[in-house]
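Read the structure below first, then the notes.
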Amino acid sequence: MDLEVLHCCNHVLGVAKPAGLPVVPDASGDPSLLDGAKAFLKREFSKPGDVFLGVVHRLDRPVSGVVCFGRTSKGAARLSESFRSGEAEKTYLAVTSRPLTEREGVIEHWLLKDSSRNTVRVVDRETPGAKRAETRFQRLEDRRGQSLVRLSPITGRSHQLRVAMASLDAPLVGDLRYGAAAPLPDRSVALHALTLELPHPTRPEAVSLRAELPSLEIWRGWQGL
């Protein structure tokens, strides 16, 4: 596996995930980003035996972009806390299959996950098991019946951004699960984790990561990029 490394220090490994690759091993048995990252560390630092790498957050399989791992248990614990506390600042770019009517705003929902189907739906606040999701969005540009949108999740729920756009009647291009009409050639959805900034787990500085956009046609030609 060719791994694009964005940052590597004693406690943190940042990499760019291609769409279609699971972050962790799943029932498919396909190679995972975690496996590839461990193999990289083993080669790069000539490590004998198993390599520790802590998973602190995830991206959906059809989504591309920045993923951060903890290289030590201390690093993983403190990075995980940054995500839980909201200190980790994430920015995504998305292309919607229908134009957004609003320029910007904040979407707040209560979401319920169906693990058996791996889907999430909007429910009433009182629904048992529902979790609040909050997403900030900004429409950057419209083109050919689509919109380029910047998304900043305030919470970190499963499928949160995909459901947020679908709730505005503008599902992401390629996202068949949430209302898109047709798939993209590589079966990805037009959602990319562009940047991630969070406190370094052991030093008084920030870790700033950026993953360049995929080469897929859907991302080309936008003036707002």
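Computed from a prediction, not measured in an experiment: that's the story for all the values here. Note: hydrogens, waters and symmetry copies are ignored here, and every other heavy atom, side chains too, is used.
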- Task: List the steps and the verdict of side-chain contact (heavy atoms from CB on, under 4.5 Å) for Val63 and Val189.
- Result: CA-CA 6 Å; Val63 176; Val189 301; 3.7 Å; yes
- Stepwise, does the side-chain contact (heavy atoms from CB on, under 4.5 Å) test hold for Cys68 with Val12? CA-CA 7 Å; Cys68 182; Val12 184; 3.6 Å; yes
- How far apart are the C-alpha atoms of Leu21 and Met1, what are their side-chain angles, what is the distance that settles it, and do they pass the side-chain contact (heavy atoms from CB on, under 4.5 Å) test? CA-CA 11 Å; Leu21 190 70; Met1 178 189 302; 4.0 Å; yes
- Please assess Asp60 against His159 for the test side-chain contact (heavy atoms from CB on, under 4.5 Å), listing each intermediate value before the final yes or no. CA-CA 7 Å; Asp60 294 342; His159 295 195; 3.2 Å; yes
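Between the side chain of Asp186 and the main chain of Ser188, a donor-acceptor pair closer than 3.5 Å is present. Checking side-chain atoms of Thr96 against main-chain N and O of Ser147 turns up a donor-acceptor pair under 3.5 Å. Panel note: side chain Arg132, backbone Glu108; no donor-acceptor pair is recorded below 3.5 Å.
When side chains are defined from C-beta on, His200 counts as touching Val207, because their heavy atoms get closer than 4.5 Å. In this structure the side chain of Leu191 reaches within 4.5 angstrom of the side chain of Leu151, judged on heavy atoms. Residues Ile107 and His109 have side chains in contact (heavy-atom distance under 4.5 Å, counting atoms from C-beta outward). The shortest side-chain heavy-atom distance between Val120 and Arg157 does not fall under the 4.5 Å cut-off. Between His192 and Pro214 there is a side-chain heavy-atom pair separated by less than 4.5 Å. Considering only heavy atoms from C-beta on, Glu102 comes within 4.5 Å of Phe137 through its side chain. Looking only at side-chain heavy atoms (C-beta outward), Phe45 and Cys8 come within less than 4.5 Å of each other. Considering only heavy atoms from C-beta on, Pro171 stays 4.5 Å or farther from Arg162 through its side chain.
The NZ atom of Lys42 sits 13.0 Å away from the CG atom of Leu53 when rounded to the nearest 0.5 Å. For the atom pair CG (Asp169) and OG1 (Thr101), the distance works out to 8.5 Å, reported to the nearest 0.5 Å. Here the NZ-CG distance, from Lys113 to Leu111, works out to 11.0 Å after rounding to the nearest 0.5 Å. The CD atom of Gln146 sits 11.0 Å away from atom CZ of Arg98, with the distance rounded to the nearest 0.5 Å. Here the CG-CG distance, from Leu79 to Leu196, works out to 9.0 Å after rounding to the nearest 0.5 Å. For the atom pair OG (Ser46) and CG (Leu41), the distance works out to 11.5 Å, reported to the nearest 0.5 Å.
For the pair Leu6 and Ala211, the tightest heavy-atom approach, listed with the atom from each and the gap, is CD1-CB, 4.2 Å. Minimum heavy-atom separation, Ala94 to Leu172: CB-CD2, 3.5 Å. When all heavy atoms are compared, the tightest approach of Lys47 to Arg71 is CE-NH2, 3.6 Å.
More than 12 heavy atoms of other residues, nucleotides or ligands sit less than 6.0 Å from atom CZ of Arg220. Crowding of Arg125 atom CZ: a count of heavy atoms from other residues, nucleotides or ligands under 6.0 Å not exceeding 12. Counting heavy atoms of neighbouring residues, nucleotides and ligands inside a 6.0 Å radius, atom CZ of Arg143 exceeds 12 of them.
Checked for salt-bridge contact, Asp114 and Arg121 miss the test: no charged N lies under 4.0 Å from a carboxylate O. The existence of a salt bridge linking Glu81 and Arg78 is excluded, since no basic side-chain nitrogen approaches an acidic carboxylate oxygen closer than 4.0 Å.
Counting Ile, Leu, Val, Met, Phe, Trp and Tyr side chains that sit under 4.5 Å apart, directly or through other members, Leu140 shares a hydrophobic cluster with Leu93, Val95, Leu148, Val173, Leu184, Leu194, Leu213, Leu216, Ile218, Trp219, Trp222, Leu225. Here Leu176 sits alone; no ILVMFWY side chain lies under 4.5 Å from its own, so it joins no hydrophobic cluster.
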Side-chain atoms of residues 24-38: list all donor-acceptor pairs with protein atoms under 3.5 Å, sequence neighbours left out, distances to 0.1 Å.
| unit_1 | atom_1 | unit_2 | atom_2 | d |
| --- | --- | --- | --- | --- |
| Asp26 | OD1 | Ser28 | N | 3.0 |
| Asp26 | OD1 | Ser28 | OG | 2.4 |
| Asp26 | OD2 | Arg61 | NH1 | 3.1 |
| Ser28 | OG | Asp30 | N | 3.1 |
| Ser28 | OG | Asp30 | OD2 | 3.3 |
| Ser28 | OG | Arg61 | NH1 | 3.2 |
| Asp30 | OD2 | Arg61 | NH2 | 2.3 |
| Ser32 | OG | Asp35 | N | 3.1 |
| Ser32 | OG | Asp35 | OD2 | 3.0 |

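Taking the salt bridge (Lys or Arg N to Asp or Glu O under 4.0 Å) definition, one finds that Glu141 meets it with nothing, sequence neighbours left out.
For residues 69-107, the pairs satisfying ring-ring contact (aromatic ring centres under 6.0 Å, His included) are His57-Phe83, with sequence neighbours left out. The side-chain hydrogen bond (donor to acceptor under 3.5 Å, both in side chains) contacts involving residues 6-20 comprise His11-Thr72, where partners must be two or more places apart or lie in separate chains.
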